[in-house]
Amino acid sequence: MPGTEPLQPLRKQALAPVAGASPTALRIVLGAQLRRMRGEAGLTPEAAASRIRCSTAKISRMETGHSPCKERDAVDLLALYGVTDPGRTAEFVDLVRRAGQRGWWRNYADVLPDWFEPLVGLEEAAASIRTYEGHYIPGLLQTADYAYAVVRSGHALESEEVTRRRVELRLKRQELLRRPDAPKLWVLLDEAVLLRPTGGADVMREQLAHLLDMTEQPHVIVQVAPFDVTAHTSPGNGITYLRFAMEGLPDVAYIEHLTNATSVNKQESTDEYRWILDSLSAQSPSPVESRDLLRQALARYS
């Protein structure tokens, strides 16, 4: 039954054909390749840092995808690691160039926190996105008025212009769901989200109607996690779990906190978060049953 099955492995694709991959995703993949090549060459981070005259901290940030790699540094590091094929070097440098491009979200740098930017970039490259929310409808499914209410609740002292920019960014992120290759979005909503009148009755009515409309899309699944389920199985914080079709890009779990977030891609950590989402999904009403719960919630605001 849809909504109760655990995540299945995605068939990986070669990196080169993924022309639309986001810079954020490419940086992670390239960093992993640099780390692998350094290990195969039997070299330490100190040796790599010495070659391109930087700190070991910079090597670490490059290898984890947190910092971009310059083209000149890529050439020097590949030479150090024994990569002598000009074609392979040229391909790698081309990917470095693509990874250094500005994503559209950089146009919102004034309202985009550093800790949130990686998630926006990874959403663009994801094949599937699973998320659990205990307080609000996820940003990818919010209406403009609901998004405004959520933003103002957390940034009440900001100017209207800044709030408008934050809402605009949130709505811009939703465009990925309208792409021909849109990712599969699987949402688990705590029952409390439906009972919390964010923005007032009119805003909630419009939001829930929009949410029901989105569940008609074949790539959008919504389940409601009742209180008797989340009382025993709950991550406490919001979780977004992303999987990718790009070779070399591991699953990423993104965990939200009050004023920042943490992303993890080590398998032992992501396995734990995937288990939590699988467990919540298995215990919650099916997507069809959840639609009935959404209709009941909509009726309460009508």
Side-chain angles (χ1 to χ4, degrees), residues 5-13 15 18 21-39 45 56-69 99 103 105 112-136 138-140 173 176 183-190 221 223 225 230 233-282:
E5 300 172 357
L7 282 171
Q8 298 298 317
L10 290 168
R11 186 174 68 85
K12 297 293 185 179
Q13 302 172 358
L15 177 61
V18 189
S22 74
T24 305
L26 286 176
R27 283 203 302 270
I28 294 176
V29 171
L30 293 174
Q33 291 186 4
L34 286 171
R35 183 169 62 250
R36 176 181 56 77
M37 287 188 289
R38 178 176 58 76
T56 55
K58 179 179 177 179
I59 295 296
S60 176
R61 290 194 300 271
M62 286 169 47
E63 291 185 348
T64 55
H66 288 93
S67 291
C69 177
W105 50 91
L112 183 61
D114 291 341
W115 52 266
F116 190 70
E117 181 177 348
L119 175 62
V120 179
L122 290 173
E123 284 177 342
E124 289 289 314
S128 70
I129 303 171
R130 291 184 75 181
T131 184
Y132 165 80
E133 277 288 350
H135 295 89
Y136 301 111
L140 290 175
R173 286 170 53 210
L176 67 89
K184 179 178 180 179
L185 177 63
W186 189 343
V187 173
L188 278 161
L189 282 180
D190 192 293
I221 295 174
Q223 285 184 272
T230 56
T233 306
S234 175
N237 299 88
I239 294 177
T240 299
Y241 192 99
L242 305 105
R243 305 197 88 174
F244 309 89
M246 290 176 60
E247 183 179 356
L249 190 55
D251 295 356
V252 175
Y254 184 90
I255 302 93
E256 299 179 21
H257 307 295
L258 182 61
T259 57
N260 57 28
T262 303
S263 60
V264 296
N265 58 21
K266 292 184 178 180
Q267 185 173 351
E268 58 268 28
S269 298
T270 56
D271 282 351
E272 181 176 354
Y273 289 110
R274 190 176 69 240
W275 179 88
I276 291 173
L277 293 173
D278 284 343
S279 181
L280 277 172
S281 180

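Along the sequence shown, residues are numbered consecutively beginning with 1. Computed from a predicted model, the values in this text were never measured in an experiment.
None of Asp278, Thr240, Ile255 except one satisfies the side-chain contact (heavy atoms from CB on, under 4.5 Å) rule with Tyr273; the exception is Ile255.
For the residue pair Ala25 and Leu249, the shortest heavy atom distance occurs at CB-CD2, 3.7 Å. Contact between Ala126 and Phe244 at its shortest, heavy atoms only, is CA-CD2, 3.6 Å. Taking each heavy atom of Thr64 and Arg35 in turn, the nearest pair found is N-NH1, 4.1 Å. Pro23 and Gly103 make their closest contact through CG-N, 4.3 Å (heavy atoms, listed as atom of the first residue, atom of the second, distance).
To the nearest 0.5 Å, atom CD1 of residue Ile239 and atom CD of residue Glu133 are 10.0 Å apart. With rounding to the nearest 0.5 angstrom, the CD1 atom of Ile276 is 11.5 Å from the CG atom of Asp271. Going from atom CE of Met62 over to atom CZ of Arg27 covers 12.0 Å, rounded to the nearest 0.5 Å. To the nearest 0.5 Å, the span separating CD1 on Ile59 from CG on Leu34 amounts to 8.0 Å. Interatomic distance, Trp186 CH2 to Gln223 CD, rounded to the nearest 0.5 Å: 6.0 Å. Remark: Arg173 CZ to Leu112 CG distance equals 9.5 Å, nearest 0.5 Å.
With hydrogens and angles ignored, the 3.5 Å screen pairs a side-chain donor or acceptor of Ser22 with a backbone N or O of Gly121.
Pro138 has its side chain within reach of Leu189: a pair of non-hydrogen atoms, C-beta onward, lies under 4.5 Å apart. Between Thr270 and Val252, the closest side-chain pair of non-hydrogen atoms is not below 4.5 Å. Proximity of Glu124 to Thr24: side-chain heavy atoms (C-beta onward) are nowhere separated by under 4.5 Å.
Around atom OH of Tyr136, more than 12 heavy atoms belonging to other residues, nucleotides or ligands sit under 6.0 Å away.
Looking at Asp251 and Arg130, no side-chain N of the basic residue comes within less than 4.0 Å of a carboxylate O on the acidic one, giving no salt bridge.
Asn237 and Tyr132 are not linked by any side-chain donor-acceptor pair at a separation below 3.5 angstrom, with hydrogens and angles left out of the test.
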